[in-house]
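This report refers to the structure that appears directly beneath it.
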There are 2 protein chains.
Amino acid sequence: METLNAAESLAALGHETRLAIFRALVQVGPEGLNAGAIGEKLGLAPATLSFHLSHLSRVGLIRGRQESRFIFYSADYSAMDDLIAFLTANCCQGDTCLPKTASCESTDKRRSAKPVCEGESCE
Amino acid sequence: METLNAAESLAALGHETRLAIFRALVQVGPEGLNAGAIGEKLGLAPATLSFHLSHLSRVGLIRGRQESRFIFYSADYSAMDDLIAFLTANCCQGDTCLPKTASCESTDKRRSAKPVCEGESCE
DNA sequence: TCAATATTTCGACAATACTCGAATTATGGA
DNA sequence: TCCATAATTCGAGTATTGTCGAAATATTGA
């Protein structure tokens, strides 16, 4: 993930309403919620909601799938993982970061349980 | 960390220039860099740099300390940890999140190596 | 085909954020 | 004390973002 993409994702989450949407979707799981349900839950005007949903979609943090006449939105967990990996990718410069942030790796790395943060990944 | 604070931190990082500043500070370690060095490294006009530094300071992601006539800025690692903890705090709703994101905890929790994500922490 | 529902797009306005030259404040050394 | 350097604040202009009513599009079921 390049800096520009990361900044775009972070900016997308850096708005109270969008962050609330994203967290609601993260919480509810892969099935997601349809737009109307999100709007109702958070008290948003349809146009406003749509604006934020498309923003989050554009940067890849959520995705929508049509299901009958509803559109269900769900969080893209791997995008979130990538973002977190990006943020923590540099806190292992020597003894810099507190507890060696090896525990915060991207999904794949975490899966393989291999301790990282001591080689090429640290740049 | 409340949603509002998290959104403010994310928004602060959601700007290419500020993200670059923050990452430079994360990389360089706790000693930090003085303002001039940051500006030179990233090619920023003094006023622009100052604007972004104060933004990052205001939300608590960096801090400055005066040292002779320089002001050294350094990343606040615990603020970053808090932010990451906030983002991952909800991906453990049943079998929702991919590899049970227990590995991404806040610093303190990570230190104590106690596996979380199966009780009150899952709000 | 028609009406009802779900969602998005359009358009306009308001608010906020960004940039940067110039002026200002603060510190240290001669 | 005075000058040079480091950094911030001010101010003004430009650009971007957010909000939401109204209109448009899409899907379903009768």
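Since the model is a prediction, treat every value here as computed from it, not as a measurement.
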Reckon B/Y73 has a side-chain N or O less than 4.0 Å from the OP1 or OP2 of D/dA6?
-> no

Side chain of A/L53: nearest nucleotide among C/dC18, D/dT27, C/dT8?
-> C/dT8

Nearest to the side chain of B/S50, which nucleotide is it out of D/dT19, D/dT8, C/dT8?
-> D/dT8

Beyond-backbone contact of A/S74 with A/L25, side-chain heavy atoms, under 4.5 angstrom = no

Spacing of B/L44 atom CG relative to D/dA6 atom P, expressed in whole Å = 16 Å

Tell me which of A/R69 and A/L49 sits closer to the 5' end of DNA chain C, going by the nucleotide each one is nearest to.
-> A/R69

Side-chain (B/S50) to main-chain (B/P46) donor-acceptor, under 3.5 angstrom | no

Side chain of B/A45: nearest nucleotide among C/dC20, D/dA7, C/dT7?
-> C/dC20

Answer yes or no: does a side-chain N or O of B/N34 lie under 4.0 Å from OP1 or OP2 of D/dA6?
-> no

Determine the contact category for B/T48: base if any of its heavy atoms lies under 4.0 Å from a base atom, sugar-phosphate if only primed atoms, P, OP1 or OP2 are that close, otherwise nothing.
-> base

Less than 4.5 Å apart, any side-chain heavy atom of B/V59 and any of B/L13?
-> no

Would you classify A/A47 as touching base, sugar-phosphate or nothing, given that sugar-phosphate means primed atoms plus P, OP1 and OP2, and contacts are heavy atoms under 4.0 Å?
-> base

Of B/H55 and B/P46, the one whose closest nucleotide on DNA chain C sits nearer the 5' end is B/H55

Shortest side-chain distance from A/F51, nucleotide among C/dT7, D/dG18, C/dC18 = D/dG18

Taking B/E31 for the side chain and B/L33 for the main chain, is one N or O donor matched with an acceptor at less than 3.5 Å?
-> no

Rounded to whole angstroms, how far apart are CZ on A/F70 and C1' on C/dA4?
-> 12 Å

Examine distances only and state if a side-chain atom of B/Y73 and a backbone atom of B/F22 form a donor-acceptor pair shorter than 3.5 Å.
-> no

When we call it a touch if two heavy atoms are under 4.0 Å apart, what does B/F72 touch: a base, just sugar-phosphate, or nothing?
-> nothing

Length of the CD-P vector between B/E40 and D/dT5, whole Å = 14 Å

Taking CG from A/L42 and P from D/dC20, how many angstroms apart are they, rounded to a whole number?
-> 13 Å

Considering only heavy side-chain atoms of B/Q66, the closest of D/dG18, C/dT27, C/dC18 is C/dT27

Below 4.0 Å: OP1/OP2 of D/dT17 and any side-chain N or O of A/H52 | no

